[in-house]
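Per chain, numbering begins at 1; letters A, B, ... match sequence-line order.
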Amino acid sequence: MSVSNATAINLARSEFRSLRAFFLLYILLSLLILGLLAGFYYTYEKEQMLSGWRLSLQQQSQSYLAALKFRHDHISRDYTYPRDARFQSAIYDIDRKLIFSTLNNPDTDLDRVIRLDKGYIQFVLQPEYYYLGAKYLVLEVKDDALWHQNALRTITITALGSILLLALLGWYIAKLFLRPMRRAIRLLDRFIKDTTHELNTPVTAILSNIETLQTLSLDPKTQKKINRIRIASRTLSTLYDDLTYLILHHNVASQDEKVDLSALLWERIDYFHLALEQKKITVTTAIEASVIHKIDRRKISRVIDNLISNAIKYNRIGGSIHFLLTPELLSIEDSGQGIAKEDIPLIFDRYMRLDKVAGGFGIGLNIVAKIAKEYGLTIDVTSELEKGTRIELKWSQDA
Amino acid sequence: MRNFFIYLLLSVSLFAQENFAANCLNCHQKLEIGFEKFYMQYLIKFSTKERIREAMFYYLRDPKAQQSVMEDYLIEKLGIMPKIGISDRELGRMIDIYIQRYDLKGKLR
């Protein structure tokens with residue numbers, strides 16, 4: 001039987017929340033930075049492409065300006081606007097009114113020397129002379145979008161690589177982030193293990209002696225004292241069983257058998273009768289006879305013991321506990337202090353103690369949740385502050 | 001009545017065209033440079049017909065070599081035109097006819 005895995009760390013919900021918040025922030029920041037870099041790179045590539053076209057169109061415009069000049073000087077012979085196979089063009093007067101155009105994209109911006117719009121690159125230049133009245137000459141070529149495809153390919157490959165790298169980095173940072181927390185939990189686990197081991201002999205001795213002690217011959221005062229010791233020893237026994245389960249049993253294969261839950265529940269109520277009497281708690285029951293389920297007896301005992309123990313521990317003096325058992329449901333309802341709505345999801349976390357006064361290790365309900373999960377049982381918690389708590393354990397229909 | 005107005009407009013137009021011929025074409029047709037060449041000289045300098053009209057009006061009221069748009073060698077060769085003895089209103093009308101005749105708008109294809 002190996003106990004090394006018993007100390008395996010289960011990250012509690014709050015720690016997962018911290019981790020999730022960290023990852024969310026990390027991913028958002030990483031994506032933001034990657035997005036910005038991708039944007040810069042895309043803009044740079046676009047500018048590079050436009051810069052190349054600017055140079056090329058500037059050169060090509062020289063011969064076109066000569067054609068415009070020729071047409072200006074010989075307009076009386078021919079009113080044909082000069083055209084060039086390499087590009088489309090348009091001319092605008094000094095008041096920016098269109099004189100003539102062969103452009104595919106009529107939306108021009110005369111204030112921008114070169115730009116890409118609707119798939120066309122437009123280059124604007126201002127000739128020295130107003131040939132045909134043209135203050136502005138616009139040359140237009142179609143964008144082949146090759147630069148766009150190349151830029152997107154580079155961005156995609158780089159982004160995928162970066163995401164992978166950032167994910168690895170995030171994982172490493174998260175491990176660093178969790179290291180102190182994991183160390184603390186490991187220390188706590190080791191402490192509990194050592195404590196449990198040391199408790200074994202004294203707990204066994206106390207239990208065996210106190211249970212065999214004949215109290216009838218004693219005077220009432222001494223009987224009362226003995227009963228108090230018995231209650232304390234049984235509480236100690238429950239705690240010891242929980243700790244032992246935590247360290248050893250939950251990693252051991254279940255020994256399922258047909259368990260009469262009705263009888264077991266009565267037995268466990270009886271086991272706690274001294275504690276119930278001490279707090280003057282009224283017990284009401286609606287326990288159906290012969291409710292049988294196939295389950296590990298020790299594990300379901302741990303579940304029942306923990307639920308009863310909590311119902312007593314967090315109850316008020318003179319309160320009540322109602323037990324309900326049907327083939328589908330085990331319900332234990334107390335009239336205790338209740339649990340705040342926002343705390344309900346946390347009560348099954350390991351080492352979670354909402355009431356710091358009542359004491360305990362905060363492992364009881366964690367054990368209940370683990371066993372319930374193992375057997376596919378549903379746990380419903382209904383609670384109202386200052387009124388009480390009802391915990392329902394439901395068996396699925398096919399169980 | 002309608003016929004009267006049409007007749008009136010045609011008469012005014014015809015009269016203006018006759019004045020344009022008398023005041024402008026008679027002299028310019030004798031020159032070896034086409035009348036259109038002057039317009040293109042204005043166009044290359046002023047770009048729009050509104051600006052051309054303004055510049056032309058300013059020049060024709062009192063022609064001076066400094067304000068001419070023609071190249072120096074042509075001024076030297078042909079000299080500066082004499083002042084036209086017509087009213088500003090009439091001058092404006094003559095310029096409008098001139099611009100309308102030689103403006104490129106709608107002619108480029």
Side-chain angles (χ1 to χ4, degrees), chain A residues 61-106 108-111 113 122-140, chain B residues 17 20-21 24-60 66-78 92 94-109:
Chain A
S61 70
Q62 297 310 311
S63 58
Y64 190 70
L65 280 172
L68 267 186
K69 181 179 185 309
F70 181 83
R71 178 60 57 240
H72 184 96
D73 292 341
H74 302 89
I75 195 71
S76 55
R77 290 182 206 163
D78 190 356
Y79 284 99
T80 307
Y81 176 77
R83 285 167 175 79
D84 194 307
R86 296 169 295 180
F87 46 76
Q88 302 300 315
S89 64
I91 50 175
Y92 291 80
D93 69 21
I94 200 166
D95 293 332
R96 297 174 178 243
K97 284 182 190 156
L98 180 68
I99 301 169
F100 195 84
S101 170
T102 62
L103 298 181
N104 292 303
N105 176 15
T108 51
D109 182 352
L110 300 177
D111 292 322
V113 176
Q122 290 185 339
F123 173 62
V124 178
L125 75 159
Q126 298 181 35
E128 193 178 350
Y129 299 102
Y130 303 156
Y131 300 125
L132 304 178
K135 160 82 172 167
Y136 301 97
L137 167 65
V138 180
L139 303 184
E140 179 192 88
Chain B
Q17 293 292 339
F20 180 71
C24 310
L25 279 177
N26 282 350
C27 289
H28 273 278
Q29 274 176 343
K30 289 172 193 163
L31 298 175
E32 58 192 80
I33 304 162
F35 211 12
E36 193 174 38
K37 172 76 177 171
F38 288 91
Y39 186 80
M40 296 312 282
Q41 279 300 100
Y42 270 99
L43 187 64
I44 207 168
K45 197 165 179 187
F46 295 100
S47 181
T48 68
K49 63 182 179 184
E50 292 78 16
R51 288 168 194 251
I52 290 171
R53 189 184 190 285
E54 201 178 315
M56 205 174 264
F57 187 84
Y58 183 73
Y59 174 76
L60 291 175
Q66 296 91 325
Q67 287 145 13
S68 173
V69 293
M70 297 306 285
E71 287 100 335
D72 291 343
Y73 79 96
L74 280 173
I75 295 171
E76 273 179 34
K77 190 178 174 185
L78 304 171
M94 296 302 105
I95 292 170
D96 287 342
I97 291 170
Y98 175 69
I99 288 174
Q100 197 179 355
R101 190 171 286 193
Y102 297 109
D103 184 43
L104 295 182
K105 189 171 182 179
K107 289 181 185 164
L108 285 175
R109 56 182 188 273

Can you confirm whether [X] sits close enough to [Y] that some side-chain heavy atom of one is under 4.5 Å from a side-chain heavy atom of the other?
X      : Y     : result
B:T48  : A:R96 : no
B:K105 : A:I99 : no
A:H72  : B:L43 : yes

Gap between atom CD1 of B:I44 and atom CD of A:E128 - 0.5 Å precision: 10.0 Å

I need the A:H74 NE2 to B:M40 CE distance, nearest 0.5 Å. 11.0 Å

At a 4.5 Å cut-off on heavy atoms, which part of [X] comes close to chain A: side chain, backbone, both, or neither?
X      : result
B:K107 : both
B:F46  : backbone
B:L104 : side chain
B:K49  : neither

State, to 0.1 Å, how close B:R109 and A:F100 come at their nearest heavy-atom pair, and which atoms those are. C-CZ, 3.6 Å

Under 6.0 Å from the OH atom of B:Y59, do we count more than 12 heavy atoms belonging to anything else shown? yes

Could B:R51 and A:D95 be called an ion pair, given the rule that one side-chain N must be under 4.0 Å from one carboxylate O? yes

